[in-house]
Amino acid sequence: INSFYIAFVLCPLASNASELIAAANYASKKTSKSIDISLSALTGAACMNNTFCLAIFLILIYAQN
């Protein structure tokens, strides 16, 4: 397997496994409130990860100049 696929597919899944498991546990209750909490947790995790990655890329761009 190419290292590119490991870096961009498996590593984010591994680093966010606890959030995925918690969201799956909430969603398994199948109530409206628990599914809402599950989707909100996943959306928050995605926003945090994207903001963190953007900050890293901006720091790298700034360091190159």
Side-chain angles (χ1 to χ4, degrees):
I1 299 175
N2 193 349
S3 61
F4 174 82
Y5 295 114
I6 293 172
F8 284 96
V9 176
L10 293 180
C11 288
L13 286 175
S15 66
N16 296 318
S18 64
E19 292 160 351
L20 291 172
I21 291 169
N25 287 338
Y26 275 122
S28 67
K29 295 177 185 175
K30 296 183 181 176
T31 64
S32 173
K33 183 74 173 170
S34 66
I35 291 174
D36 185 41
I37 291 170
S38 173
L39 293 175
S40 296
L42 290 175
T43 303
C47 289
M48 280 194 315
N49 286 338
N50 288 336
T51 303
F52 184 64
C53 289
L54 176 64
I56 290 171
F57 285 134
L58 290 177
I59 290 169
L60 289 173
I61 290 171
Y62 182 76
Q64 291 291 322
N65 291 336

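Owing to the predicted nature of the structure, the values given are computational and were not obtained by experimental measurement.
At a threshold of 4.5 Å between side-chain heavy atoms, the hydrophobic network of Ile, Leu, Val, Met, Phe, Trp and Tyr places Leu54 and Tyr62 in two separate groups. Transitive grouping of hydrophobic side chains (ILVMFWY, heavy atoms separated by less than 4.5 Å) keeps Phe52 and Ile59 in distinct clusters.
In this structure, the side chain of Asn50 engages the main chain of Ala46 through a donor-acceptor pair within 3.5 Å.
Taking all atoms of both residues into account, the shortest heavy-atom contact from Thr31 to Ser34 is OG1-OG, 2.8 Å. Between Ser38 and Ala27, the shortest heavy-atom distance links the atoms OG-CB, 3.9 Å.
From Ser3, atom OG reaches atom CG of Leu10 across 11.5 Å, with rounding to the nearest 0.5 Å. Annotation: the span from Ser32 atom OG to Ile37 atom CD1 amounts to 10.0 Å, rounded to 0.5 Å. Between Ile35 atom CD1 and Lys30 atom NZ the span is 8.5 Å, to the nearest 0.5 Å.
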